[in-house]
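Written below as structure tokens is the structure these notes are about.
For reference, positions follow the sequence shown, starting with 1.
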Amino acid sequence: FTVPANAAGIHTIQIYNGSAPVLPVQTLTLASAPMAVKAPVVKQKVTYILCVKGAHRRVTYGVNPTCPTGFVKQ
């Protein structure tokens, strides 16, 4: 007896081998397969900072940005 993949519900089965006695009807209850729960995708906030070194300016960005060596956050 093979059960289809999407056979959730109540089913009745009666096995008959071609001669008497006929076996009684059996009830089979199949539950649906549990669904996998995915964690929600949380986008991380991107932050922009201005880094200055003398006359040079640089914009750095990311989740937790830092200025390169020698630059100061402004």
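- Think of V72 as one node in a network of Ile, Leu, Val, Met, Phe, Trp and Tyr side chains linked at under 4.5 Å; it has no links at all.
- Residues P68 and R58 meet the side-chain proximity criterion, which asks for heavy atoms closer than 4.5 Å.
- Atom CG of N64 is separated from atom NZ of K45 by 12.5 Å, given to the nearest 0.5 angstrom.
- Hydrophobic cluster membership of I49, counting Ile, Leu, Val, Met, Phe, Trp and Tyr whose side-chain heavy atoms lie under 4.5 Å apart directly or via other members: none, as it forms a cluster of its own.
- As a member of the Ile/Leu/Val/Met/Phe/Trp/Tyr network built from side-chain separations under 4.5 Å, V52 groups with V46, Y48, L50, V59, Y61.
- Summarising the geometry of C51 relative to T60, their closest heavy-atom pair is SG-OG1, 3.7 Å, with the distance given to 0.1 Å.
- You'll find the side chain of F71 stays beyond 4.5 Å of the side chain of R57, heavy atoms only.
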